[in-house]
Structure formats: C-alpha cells, structure tokens
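The next block holds one structure in the form of structure tokens; read it before the comments.
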Amino acid sequence: MQDSKYIRLGLNIDHVATVRNARGGDSPDPLRAAELAEDAGVDGITAHLREDRRHIADADIDRLMDVLTVPLNFEMAATVEMRAIALRHKPHAVCLVPERREERTTEGGLDVVSEASRLSDFIAPLRDVGCRVSLFVAANVRQIDAAKQIGADVVELHSGAYCDAHNEGRFADRDHEFEAIKEMSAYADELDLEVHVGHGLTFGTAAAVAALPAVKELNIGHFLIGEAIFRGLKPAILEMRRIMDEARS
C-alpha cells in the first residue's frame, strides 16, 4: 500500500514516437520506452492518439495495451472515432484534451463550461466500461465546477503557463500561475475530484507542484524524453522521482 504522501509519476511517451516518425521505420520504439519506464518505477504511461496520428499510432496503443503492467492513460480529443478506440481497448484512464491540427502540442485546457452538455453525454459510455475519465483543464474554478458537474473522476491542471513563466524568468507571472494551481488543486480536492498536473514540467518546476498535498499525480513527457538523450531514460526518471519524493516529504 502506497504512503498517503506518495505522489505518482506518469511518463508521456508521445515524443519517442515523434522522433521515430521523423524518419519512418520502427526506431525508436515507444513500447521500449514504456518498458524501460516501468523498470524505472513510473506509475503509469500516457499516450496521446491524435486525429492526425502525428506521433503515437493505433498500433502503438494496441501493443501498449497488450504488454503494460502499469496503467495506460489514453489522451484523446472528444471525438466519436477516439471514443470508439477507447471503448474497444478500455484503458485504465481516458484524458480528454483539446486538439487543433495546427498546434505543436496541446495548448491550453479543455473548455468544459461551454461544452458541458456534449461532454457529459460523451463520457458516459467510457465511465460505463470502467475507464476513469480525466479532463485536462486550466486552473480555473468554473472549469473545475463544470468537470465535477458532468461526472469526471479526475482533473489534470494545465501547468504550461506556470512553467513558461519560470523558464522565461517572469517570476511574478510564475508565482501568480503557481498560486492558481495551488488554490485550484485544493478546491478540486474538496469536490472529490482527483487532481493531476501536467504540461511543461521540468526538474526546476516539478518540486513546487509535487509539494502540493492535493496533487496525486504529475504527468511529464517532453522534458524527460529530451533529458534521456543526455543521461538515459531511467536516470532521468529516477532524478524526477527523487525530486518529487523530496518535495512531498
């Protein structure tokens, strides 16, 4: 049984597939990255199957579901096609994210407020087959209220603005964004929503977020995959795990 102070680490393997797809072929293999990450002690694997299949492919999801022993967090847009794939595989968790073809990565959170009725109907079949439904949202009270209203199990708070401000030396903005994450993580926890945080987190920004008692999981991808080039994937994961554990203690 995990200590109540333990905070989970999820690794997003999308950008292993990005490198693979830049040249074609089978290497580097996202499944191998997932297996190495499991060996390093991650608590879950995240993979985003985009509508344009720019990185993770359908076959990657098939293989991950076959071999993973840790939970798969299946990121997807709220489309009929993606829901059908999720219902076929029944992953541990489904995380709904906004998606635009022209974006480099997921930019901003899902607008649950304006799409509450549609999203409520959309997630019902996923919950019926046992998938935990997570919504990727801004640290905003209206979005969190709407997530609770439509029956989400989890909110993942978008940490991109916080991380960008830190990296660019805009420390007043960084502190403002961090306070929003701190306040909204506590608020969501009071509503019995499980709280995750993700997007842009690094060795320099993860500790403050990991120290927040309401946060149960950090999902990190691009930074750890990039850091693996220099120190290896397992050492990169172990260093992040150390930082998170020290922050939590």
[Y] side chain reached by [X] side chain, heavy atoms, under 4.5 Å:
X	Y	answer
Leu157	Ser185	yes
Met82	Leu49	yes
Val97	Leu110	no
His196	Arg8	yes
Met76	Cys95	no
Glu51	Thr79	yes
Ile181	Leu212	yes
Gln143	Val112	yes

Give every donor-acceptor pair under 3.5 Å between a side-chain atom in residues 61-69 and any protein atom, sequence neighbours left out.
unit_1	atom_1	unit_2	atom_2	d
Asp62	OD1	His89	NE2	2.9
Arg63	NH1	Asp29	OD1	3.1
Arg63	NH2	Asp29	OD1	3.3
Arg63	NH2	Asp29	OD2	2.7
Thr69	OG1	Glu38	OE2	2.9

What's the shortest heavy-atom distance between [X] and [Y], and which atoms?
X	Y	answer
Leu218	Ala210	CD1-CB, 4.1 Å
Val70	Gly44	CG2-CA, 3.9 Å
Ile45	Ala37	CD1-CB, 4.0 Å

Who passes side-chain contact (heavy atoms from CB on, under 4.5 Å) against [X], sequence neighbours left out?
X	answer
Ala116	Ile150
Ala78	Leu96, Arg118, Leu119, Phe122
Gln149	none
Thr46	Asn12, Asn73, Glu75, Asn219

Residues Glu81, Arg53: salt bridge by 4.0 Å N-O rule: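 Yes, Glu81 and Arg53 are salt-bridged.
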Ion pair check, Asp52 and Arg54, cut-off under 4.0 Å: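 The answer is yes: the pair qualifies as a salt bridge.
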Distance check, rounded to the nearest 0.5 Å: [X] atom [atom1] versus [Y] atom [atom2]?
X	Y	atom1	atom2	answer
Leu135	Asp111	CG	CG	11.5 Å
Arg32	Leu233	CZ	CG	10.0 Å
Ile220	Leu201	CD1	CG	5.0 Å

Shared hydrophobic cluster, Leu191 / Val195 (ILVMFWY, side-chain heavy atoms < 4.5 Å):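 Linked, Leu191 and Val195 end up in one cluster.
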Path from Ile243 to Leu224 over hydrophobic side-chain contacts below 4.5 Å: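 Yes, it is one cluster - the side chains of Ile243 and Leu224 are joined through contacts under 4.5 Å.
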Listed once per pair and sorted, the ring-ring contact (aromatic ring centres under 6.0 Å, His included) pairs that draw on residues 205-232, sequence neighbours left out: His15-His222, Phe203-Phe223
ring-ring contact (aromatic ring centres under 6.0 Å, His included) pairs, two or more places apart, involving residues 165-194: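 For residues 165-194, and leaving out neighbouring residues, the ring-ring contact (aromatic ring centres under 6.0 Å, His included) pairs sorted by first residue read Tyr162-Phe178.
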With sequence neighbours left out, which residue pairs that include part of [range] fulfil the salt bridge (Lys or Arg N to Asp or Glu O under 4.0 Å) condition?
range	value
residues 227-243	Asp39-Lys234, Asp43-Arg241, Glu227-Arg231, Glu239-Arg242, Arg241-Asp245, Arg242-Glu246
residues 174-191	Asp189-Lys216
residues 119-138	Arg127-Asp153, Arg132-Glu194
residues 17-26	Arg20-Asp60

Crowding at CZ, Arg88 (>12 non-hydrogen neighbours, <6.0 Å): yes
Does [X] use its side chain to pair, donor to acceptor, with the backbone of [Y] at less than 3.5 Å?
X	Y	answer
Lys148	Asp145	no
Arg248	Ala211	no
Ser159	His199	yes

Check against side chain to side chain contact (heavy atoms under 4.5 Å, CB included), His158 and Val137: CA-CA 6 Å; His158 190 304; Val137 298; over 6 Å; no
Counterpart residues, salt bridge (charged side-chain N to carboxylate O under 4.0 Å, His left out), relative to Arg170 (two or more places apart): Glu168, Asp173
Any side-chain donor near an acceptor of the partner, Thr202 and Thr205, under 3.5 Å: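 A donor-acceptor contact under 3.5 Å links the two side chains.
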Pair Leu87-Leu126, side chain to side chain contact (heavy atoms under 4.5 Å, CB included): steps then yes or no: CA-CA 6 Å; Leu87 290 173; Leu126 296 166; 3.9 Å; yes
